[in-house]
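For reference, the structure is listed below as structure tokens.
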Amino acid sequence: MTQTGSLFSDSFEVLPGMTLLPGYASSSQLRPLITRLCEASPVRQMLTQRGQKIQVHMTNCGSAGWVSDSKGYRYTPIDPLTGTAWPTMPQPFIELANRAADLCGFPNFEPDACLINRYEPGLQMGAHQDRNEQDFTQPIVSVSLGIPARFFVLGLERKGTSTPVDLSDGDVVVFGGPARLVYHGVRKLKPAHDPIWGPYRWNLTFRKAM
DNA sequence: AAGTAGCC
DNA sequence: ACGG
């Protein structure tokens, strides 16, 4: 049930430290921004340290961007594809992430990195932790756009029973505190079409990386 | 291992 | 379950 009047009316606590804000983000507002960002730094498939392709196509905006290659996972100020800085994070992105975090009990969130992931039907993302950031007191804000997906959450170890969370266009998940380092991933997407995004799911993940 | 294979 |  809703706990206080300051929470978004439809918020739902998935587990301690993880809150779902259904329909909190606006695809019609965000689409032109994402289109422009991807013209500057296109989505691309990154490689794991062992040389395997990450299925999802990724790019970033902000003063730091998450990358994976033969040297491992890390944040860089430069896009290795373009050789120049990642695009500046649009102010509407910062405000969306800051307000969502505030609603969920994480005031003054100032993201410096936004990982932009593009999924298509048939793709998944295996269980992982977001642990390449400097300050684990800062939450993660995840925005789902386009076709639906089933998100899953484990605990602090990459094993055991998962909690499923079905995510639709505009849904925002905030996780921090006791949930900051939980393993999570995305189940294989079913074929679908969205009026704004076509056959894609986009996910924006806001972090305080540095 | 932010992946893939393979068995149940 | 996996390899270096």
Side-chain angles (χ1 to χ4, degrees), chain A residues 14-15 17-18 20 34 37-38 41-62 64-82 86 89 93 97 111-136 138-167 171-176 179-190 197 199-210:
Chain A
V14 176
L15 35 108
M18 179 178 287
L20 169 63
I34 292 173
L37 292 167
C38 291
S41 273
V43 294
R44 81 297 300 265
Q45 278 184 294
M46 297 188 189
L47 297 177
T48 66
Q49 200 162 21
R50 302 176 188 196
Q52 294 168 300
K53 275 183 183 172
I54 294 173
Q55 294 187 14
V56 169
H57 285 67
M58 304 174 153
T59 187
N60 293 275
C61 64
W66 187 89
V67 298
S68 177
D69 62 18
S70 60
K71 292 180 282 192
Y73 306 147
R74 65 198 181 283
Y75 285 92
T76 69
I78 299 296
D79 176 356
L81 186 66
T82 64
W86 300 103
M89 196 182 304
F93 277 29
D112 57 11
C114 175
L115 176 61
I116 300 170
N117 287 162
R118 193 195 68 186
Y119 294 75
E120 50 198 277
L123 300 192
Q124 62 184 328
M125 184 176 286
H128 66 279
Q129 287 174 305
D130 287 19
R131 63 173 183 192
N132 303 112
E133 301 75 31
Q134 292 287 154
D135 182 358
F136 296 144
Q138 296 304 301
I140 302 290
V141 175
S142 172
V143 177
S144 294
L145 304 168
I147 68 173
R150 175 163 285 185
F151 181 67
F152 67 93
V153 185
L154 299 169
L156 299 177
E157 294 187 298
R158 197 178 189 272
K159 62 182 183 183
T161 309
S162 63
T163 300
V165 183
D166 285 323
L167 297 176
D171 290 351
V172 177
V173 176
V174 177
F175 55 105
R180 177 60 180 75
L181 291 171
V182 294
Y183 278 89
H184 57 279
V186 177
R187 300 298 183 196
K188 183 175 171 182
L189 266 71
K190 295 177 181 175
W197 299 100
Y200 296 110
R201 171 178 186 259
W202 292 80
N203 181 72
L204 309 177
T205 315
F206 294 93
R207 302 96 184 272
K208 178 79 175 71
M210 308 302 279

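Residue numbers start from 1 in every chain, and the chains themselves are labelled A, B, ... in the order their sequence lines are given, proteins ahead of strands.
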Any strand: nucleotide that pairs with B/dC7 via Watson-Crick or wobble, under 3.5 Å: none
Protein-nucleotide distance (A/Tyr119, atom OH; B/dA2, atom P), rounded to Å: 12 Å
Between B/dC7 and C/dG3 - P atom distance, rounded Å: 14 Å
Sugar-phosphate, base or nothing in reach of A/Asn203, heavy atoms under 4.0 Å: nothing
A/Lys159 NZ to C/dA1 C1', straight-line distance once rounded to whole Å: 14 Å
Nucleotide N/O to protein N/O under 3.5 Å, stretch nucleotides 6-8 of chain B:
none

Whole-angstrom distance between B/dA5 and B/dA1, as gauged at atom P: 14 Å
Test side chain to side chain donor-acceptor pair (under 3.5 Å) applied to A/Ser142 and A/Thr205, A/Asn203, A/Asn117, the passing residue: A/Asn203
Charged tip of A/Arg180 within 45° of A/Phe136 ring normal and under 6.0 Å: no
Whole-Å gap separating P (C/dC2) and CZ (A/Arg50): 12 Å
Separation of atom CD in A/Glu157 from atom P in B/dA1, rounded to whole Å: 19 Å
Evaluation steps, side-chain contact (heavy atoms from CB on, under 4.5 Å), between A/His57 and A/Arg44: CA-CA 5 Å; A/His57 285 67; A/Arg44 81 297 300 265; 5.5 Å; no
Under-4.0 Å side-chain N/O to phosphate OP1/OP2 contact, A/Thr48 with B/dA1: yes
For atom OH of A/Tyr183 and atom C1' of B/dA2, their distance in whole Å: 11 Å
Interatomic distance where CE belongs to A/Met125 and P belongs to B/dT4 [whole Å]: 12 Å
Residues A/Glu120 and A/Tyr200: side-chain donor-acceptor under 3.5 angstrom: no
Any donor-acceptor N or O pair under 3.5 Å, side chains A/Arg150, A/Ser162: no
Distance in angstrom units between A/Arg187 CZ and B/dG3 C1', rounded: 14 Å
Main-chain N/O of A/Thr76 paired with A/Trp86 side-chain donor or acceptor, under 3.5 Å: yes
hbond_proxy A/Arg158 side chain to B/dA1 base (donor-acceptor, 3.5 Å cutoff): no
Interatomic distance where NZ belongs to A/Lys71 and P belongs to B/dA2 [whole Å]: 19 Å
side-chain N/O A/Gln49 vs B/dG3 OP1/OP2, d < 4.0 Å: no
Close side-chain approach of A/Phe175 to A/Val14, heavy-atom, < 4.5 Å: no
